[in-house]
Asker: 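Input: one structure, supplied below.
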Amino acid sequence: MDTPRDNSEMREQYRHKVGLAEMLKGGVIMDVTNDEQARIAEEAGAVAVMALERIPSDIRKLGGIARMSNPGMIEAIKNAVSIPVMAKVRIGHFAEAQILEALGVDFIDESEVLTPADNKNHVYKHDFKVPFVCGCRNLGEALRRIGEGAAMMRTKGEAGSGDVVEAVTHMREVTEGIRRLQMMRTDELMAEAKNLGAPYHVLVETAELGKLPVPNFAAGGIATPADAALMMQLGAETVFVGSGIFASEDPAPRAKAIVDAVTYHDDPAKLVEISMTLGEAMKGRAVNEMDESEKMAGRGW
Amino acid sequence: MVDRTGKPVGLLTLQGDYEKHRQAFAALGRRTFGVRRRAELELVSSLVIPGGESTTLTRLLDRAGLREPLLEFAASHPVMGTCAGLIMMARGTADEDESDFGVAPLGLLDCTVLRNGYGRQIDSFTAAVRLVDDPVDFPAVFIRAPRVVAVGPEVDVVARLGNEPVAVRQGHLLGLTFHPELTADLRLHQAFLRMVDEAGDHH
């Protein structure tokens, strides 16, 4: 490949990618499967929508291979809303990513929710003009993805479960890892990079900043305003809600309530008001009762 | 610079990259305070409406009952909007299907903007823009940026890209189509603080 690997053009492009992620902070990104849901999401105040053929809870139920969505349905969603439109590619499937970039999506999620296309490698994301978000369970995984050019990180959580426990675990893992870095002497950072399997330069930058060098969002199992508020207080800068909205009893008010809960995440009185009149949340499945083979979070290397 | 009002710079913290603005003002030694509720407007000298999503900002602003209080505040206090913040300050948008997307600007600045005026995210770019009162260009980051397509007679152009206005000022109101909070160049934040200090002198 003859793509530039590290030059001023690439760095400037990367700044635009991270810049868009910055603009999404303090907002909610919602999974939608058609243009009608996309409009409901935009009306509720979503900062972006994730276009996909099936929400994760249905991917679980139906089984089979989950792939990039049909470009036609993504295009219909792009035409329906003015907010950024994201779409998912399989881990390592750079050809799917090329197609989505040519289609003009605003963000690509290289996602463990889809069936991985590569058992060793992720997409080299600096090759693309479009920004990528990737999931992580811990600091090492986050830093590897940033090293490959991810402009935004999110916890993996356990998508489609309606159970927030894994998102909490992954967020705490990442923040604890960063706190550990900050206590280290400079001469200990290389060994820590080795331990974590993380690129040294991104690790050093993270130690200096005291946070990931890209925005860090929460995803995977968030179903209620309280879940959103919890993740924000644990250090998430924005929240993804997948199945939590459109698998619930009454999606529009729930969508709006989760948007408000992110803005007022530190105000319990306001959260009471926001949560008061909501219908049933999605039923969900407890992650602790799942077989290892059912879990999506283990995908990614 | 001395904060003559004794009050911090307000940041509208409903949604967006307000944290980057906080860092920019902190680098200039100035305190900021987040505003999400009506009463909080009384605690600040001025207000920055950050970049973010203008549809989201519209929804959150109206649900918080902040529209009228913000109009009142802006009548006598400096306000700066960057990107989506400028869209919120504009008189109107030139989007063909504005009503579909439901962005309702505040109408503070007498200018019309076109949302996503340069295209989608892959069309985002950095360019040196010409400042009217400074010979050194400003490195401006445009992300899904709006374009100013019309300005009223009371509006002064502060910066241009080619011949097109990308920063405009009307009295104590300043609007930028780009993101000075994403670069290390703090001249535009300094310019806003001078406006804040001038206004403080009159209070």
Side-chain angles (χ1 to χ4, degrees), chain A residues 8-9 11-13 15-29 39 41-48 78-86 100-108 128-131 151 211 215 237-238 255-257 259-260 262-267 270 273-274, chain B residues 11-21 23 34 36-37 50-64 66 82-85 87 93 95-98 100-103 115-116 118-127 139 141-146 178-179 181-184:
Chain A
S8 62
E9 197 185 331
R11 279 195 295 275
E12 183 174 299
Q13 184 175 287
R15 184 162 67 181
H16 301 149
K17 297 177 185 178
V18 178
L20 179 58
E22 296 285 350
M23 298 312 140
L24 302 176
K25 279 186 181 174
V28 179
I29 301 162
R39 275 191 218 99
E42 184 170 60
E43 188 50 44
V47 288
K78 269 175 57 198
N79 293 334
V81 294
S82 67
I83 52 180
V85 174
M86 305 185 168
L100 290 185
E101 180 172 61
L103 182 64
V105 304
D106 297 296
F107 235 106
I108 293 177
F128 290 81
K129 226 184 153 190
V130 60
K211 66 183 288 297
E237 293 169 303
T238 284
K256 183 167 161 276
V259 169
D260 288 345
V262 166
T263 299
Y264 300 100
H265 59 271
D266 54 354
D267 182 345
K270 187 86 184 173
E273 194 187 302
I274 290 165
Chain B
L11 297 178
L12 191 68
T13 51
L14 292 171
Q15 189 271 318
D17 76 332
Y18 45 82
E19 179 59 23
K20 290 284 165 190
H21 280 289
Q23 289 167 8
R36 287 176 294 178
R37 299 169 187 83
E53 279 303 317
S54 50
T55 51
T56 305
L57 287 171
T58 297
R59 304 291 180 283
L60 289 168
L61 195 125
D62 285 326
R63 283 185 217 154
L66 275 173
T82 58
C83 196
I87 296 172
T93 72
D95 298 27
E96 282 169 37
D97 30 20
E98 182 183 332
D100 284 359
F101 300 135
V103 173
R115 296 173 65 223
N116 301 332
Y118 300 95
R120 301 193 71 92
Q121 170 59 17
I122 46 172
D123 305 306
S124 294
F125 63 100
T126 299
V141 178
F142 294 85
I143 293 174
R144 283 170 53 92
F178 54 93
H179 293 284
E181 73 278 15
L182 294 183
T183 49

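In the text below, chain A, chain B and the rest are named by the order of the sequence lines, each starting its count at 1.
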Asker: Quick check for you: to the nearest 0.5 Å, what is the distance between B:Thr183 atom OG1 and A:Arg15 atom CZ?
Answerer: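 Here the interatomic distance stands at 6.5 Å.
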Asker: Are B:Gln121 and A:Val105 close enough that some pair of their side-chain heavy atoms sits under 4.5 Å apart?
Answerer: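 The answer is no; the side chains never approach within 4.5 Å.
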Asker: Restricting to non-hydrogen atoms, name the atom on B:Thr55 and the atom on A:Ser82 that form the minimum distance, rounded to 0.1 Å.
Answerer: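 The pair with the smallest heavy-atom distance is CG2-OG, 3.7 Å.
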Asker: Output the distance between atom OG (B:Ser124) and atom CE (A:Met23), rounded to the nearest 0.5 Å.
Answerer: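 Output value for this atom pair is 9.5 Å.
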Asker: For the pair A:Lys25 and B:Asp17, find out whether any cationic side-chain nitrogen is under 4.0 Å from an anionic carboxylate oxygen.
Answerer: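 Between B:Asp17 and A:Lys25 there is no salt bridge, as every charged N stays at least 4.0 Å from the carboxylate O atoms.
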Asker: With sequence neighbours excluded, tell me which residues meet ring pair (Phe, Tyr, Trp, His ring centres under 6.0 Å) with B:Phe178.
Answerer: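 Once residues adjacent in sequence are excluded, the partners of B:Phe178 under the ring pair (Phe, Tyr, Trp, His ring centres under 6.0 Å) criterion are B:Phe138, B:Phe142.
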Asker: Please classify the contact between A:Val85 and chain B as side chain, backbone, both or neither, with a heavy-atom cut-off of under 4.5 Å.
Answerer: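 A:Val85 touches chain B through backbone and side-chain heavy atoms alike.
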Asker: Against chain B, label A:Ala48 side chain, backbone, both or neither, depending on which of its atoms sit under 4.5 Å from a heavy atom there.
Answerer: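 Contact with chain B involves no heavy atom of A:Ala48 at all.
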Asker: Which one wins on heavy-atom pair count under 4.5 Å against chain A: B:Ile122, B:Thr126, B:Leu14, B:Ile143?
Answerer: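 Among B:Ile122, B:Thr126, B:Leu14, B:Ile143, the one with the most close pairs to chain A is B:Thr126.
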Asker: Is any NZ, NE, NH1 or NH2 atom of the basic residue among A:Lys129 and B:Asp123 found under 4.0 Å from an Asp or Glu carboxylate oxygen of the other?
Answerer: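 The answer is no: the pair does not qualify as a salt bridge.
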Asker: With a 4.5 angstrom heavy-atom cut-off, which part of B:Arg36 approaches chain A: side chain, backbone, both or neither?
Answerer: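 Contact with chain A is through both the backbone and side chain of B:Arg36.
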Asker: With respect to chain A, which residue among B:His179, B:Arg120, B:Glu181, B:Glu53 yields the maximal number of heavy-atom pairs within a distance under 4.5 Å?
Answerer: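 It is B:Arg120.
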Asker: For A:Lys256, is it the side chain, the backbone, both or neither that has a heavy atom under 4.5 Å from a heavy atom of chain B?
Answerer: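 For A:Lys256, backbone and side chain are both near chain B.
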Asker: Does the distance from a Lys or Arg side-chain N to an Asp or Glu carboxylate O, for B:Arg59 and A:Asp260, drop under 4.0 Å?
Answerer: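 No, no charged N to carboxylate O under 4.0 Å.
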Asker: Who wins among A:Thr238, A:Leu20, A:Thr263, A:Asp106 for the most heavy-atom pairs under 4.5 Å with chain B?
Answerer: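 Ranked by heavy-atom pairs under 4.5 Å with chain B, first place is A:Asp106.
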Asker: Report yes or no: does B:Gln15 contribute a side-chain atom to a donor-acceptor pair with the main-chain N or O of A:Ala46 at less than 3.5 Å?
Answerer: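 Such a contact is absent between B:Gln15 side chain and A:Ala46 backbone.
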Asker: Which bit of A:Phe128 comes within less than 4.5 Å of chain B, counting heavy atoms only: side chain, backbone, both or neither?
Answerer: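 Neither part; nothing is under 4.5 Å.
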Asker: Quick one, B:Arg37 and A:Tyr264 - any side-chain contact, counting heavy atoms below 4.5 Å?
Answerer: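 With C-beta onward as the side chain, the pair touches.
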Asker: My understanding is that only residues two or more places apart in sequence, or in another chain, count here; which of them pass ring pair (Phe, Tyr, Trp, His ring centres under 6.0 Å) with B:His21?
Answerer: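 If we apply the ring pair (Phe, Tyr, Trp, His ring centres under 6.0 Å) test to B:His21, skipping adjacent residues, the hits are B:His189.
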